[in-house]
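Here's the structure, in structure tokens; my notes come after.
Chain identifiers are assigned alphabetically (A, B, ...) following the order of the sequence lines, protein sequences preceding nucleic acid strands; residue numbering begins at 1 within each chain. Heavy atoms only: backbone and side chains are in, while hydrogens, waters and symmetry mates are out.
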Number of protein chains: 2
Amino acid sequence: MSDGGPGTRERLLQAAREVVATEGLEGLTLRAIARRAGVSHGAPLRHFPTLASLLSAVAADGFRRLVARIDDDLARAEAVAAAEGGRLDPLARLAVAGRAYVRFALADPGVFAVTFRPERVDVTDPDYATAGYASFQQLVDLVTDAQATGWMAGERPEDVAAVLWAHVHGIAELALHGGLPAVVGHDDTERLIALSNLVTLGVETPPVPDRPTDRPPREEQR
Amino acid sequence: MSDGGPGTRERLLQAAREVVATEGLEGLTLRAIARRAGVSHGAPLRHFPTLASLLSAVAADGFRRLVARIDDDLARAEAVAAAEGGRLDPLARLAVAGRAYVRFALADPGVFAVTFRPERVDVTDPDYATAGYASFQQLVDLVTDAQATGWMAGERPEDVAAVLWAHVHGIAELALHGGLPAVVGHDDTERLIALSNLVTLGVETPPVPDRPTDRPPREEQR
DNA sequence: CCCGCGGTGTTGACAGTGTCTACGTACCTG
DNA sequence: CAGGTACGTAGACACTGTCAACACCGCGGG
């Protein structure tokens, strides 16, 4: 047998990402995933007991990519600050993490939507739960650092982290599905992110250079 | 004409609210609504061209009740302040409105969930759009008042309102579907609301007395 | 050898969904 | 009284997720 292609299980996960990217949440159906992966409509059930568990696997992977993206943006912003002979304030780091969260949501809206839609995902899936917990813990650590400077000192870091997460998540959902132009008159998400960070943290968002591999150098095609 | 009960159209809307309250978003199906209303599965389509448009009507009504609830809580908090010989700061009014928003979400989770789920609602429905716009405008007015005191002066009030709305909405979604205990270790939503207001507005949330008619005696028009 | 056997995939069911169409009725108006 | 219109029903259609039955295929043990 040729080991050239990935296993069917991986192909199913990739097919799910492609379907949600092109057809949206509505079209994210078990049979559509099977069609995209080139297998029969019953084949996915040999690898996942149910559709929700397949989507949970996609979501857990999304959590892990989110954590990596935030870490990467933090390192990137820190490098900029170091080049100017300084270091990033803990509040500034929180601001960078918040922007990275929203950017991640905008870069992969389908996976992001699946991840936080409890009616599509099996929230009791252990892999999903631990990946989500790790993502939350990343934020708690940033909050703990910030509290050392006196900001929101005395509050439980988990509570502060939950509030900040809710705020940033609300911004992401507004940018994704809220119809920004209809409600605000423009669609400058970056401005709303900066304003959100200013309101919650009282801090300007530090610059983060665009990553070279963010989008393959393909111009929009016709 | 109208003699015995409400018209079929009203019965359908009420049935939709009951179904989502008891069966959740998953069970909110056209045929389930029809069954609950005691009509055949095709009858709803005589009043609404599609399921999404029926849910849009439910959502638009939800928007109007939300506006009324926030106005009511504002008046209530203002009365408390007046009894103590003072008046509410504009930032304090924003805090009261934010708490009212979350409380509304918790009081009617089903309707709230439907209202902000674009895949269930027809967002182009004119009634839905104008009701949603009115709700947003209520917030913009509160923000404009607060800006007169110097807070976030110079920012477009629509932008500030959008950010605050996203924050409060994120808190509501976290409280509803985020599994607060799993992520934070307790389920004290009031504390998270207060903390959110403290972070965004730098202000303690003023007290709002519980309304006596919070769950009104479900009176039917007869 | 071949025999079973577990992993994998296919096919065909089944109940349930939203929506469309055909049909019936009851009521109001000209 | 005739006719049209609003409303409700029943049946179909193409979907969906899930399950059961069947087929293939690489193996290890009699």
Go through the side-chain N and O atoms of A/H167 and A/S196 and say whether any donor and acceptor fall under 3.5 Å apart.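 No, no side-chain donor-acceptor contact under 3.5 Å.
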Would you mind reporting whether B/R11 and B/V39 have side-chain heavy atoms less than 4.5 Å apart?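 In short, these two side chains touch, coming nearer than 4.5 Å.
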Take atom CZ of B/R35 and atom P of C/dA15, then tell me their distance rounded to the nearest Å.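 In whole Å, C/dA15 P and B/R35 CZ are 15 Å from each other.
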Spacing of B/I33 atom CD1 relative to C/dG16 atom P, expressed in whole Å: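 Going from CD1 in B/I33 over to P in C/dG16 covers 17 Å.
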Taking the six-membered ring for Trp and the single ring otherwise, decide whether the centroids of A/F112 and A/Y101 are under 6.0 Å apart.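 Between A/Y101 and A/F112, which both carry aromatic rings, the centre distance is below 6.0 Å.
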is_close_aromatic(A/F63, A/Y128), centroid dist under 6.0 Å: yes
Near DNA chain D, under 4.0 Å by heavy atom, which residues of residues 15-32 of chain A? A/T29, A/L30, A/R31
Hey, can you pull the residues of residues 40-54 of chain A with a non-hydrogen atom under 4.0 angstrom from DNA chain D? A/H41, A/L45, A/R46, A/T50, A/L51
Exactly one of B/V143, B/D141, B/L139 clears side chain to side chain contact (heavy atoms under 4.5 Å, CB included) with B/P157, and that residue is B/V143
Determine: side-chain N/O of A/T8 to OP1/OP2 of C/dG9, distance under 4.0 Å, yes or no.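 It does, given that an N or O in the side chain of A/T8 lies less than 4.0 Å from OP1 or OP2 of C/dG9.
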Between A/R191 and B/D159 (salt bridge meaning N to carboxylate O under 4.0 Å), is one present in this structure? yes
CA sep, side-chain torsions, deciding dist, call: B/R36, B/T22, side-chain hydrogen bond (donor to acceptor under 3.5 Å, both in side chains): CA-CA 11 Å; B/R36 170 83 66 157; B/T22 62; 3.1 Å; yes
Which atom pair, heavy atoms only, marks the closest approach of A/H41 to A/P44?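 Shortest heavy-atom contact: O-CD, 3.7 Å.
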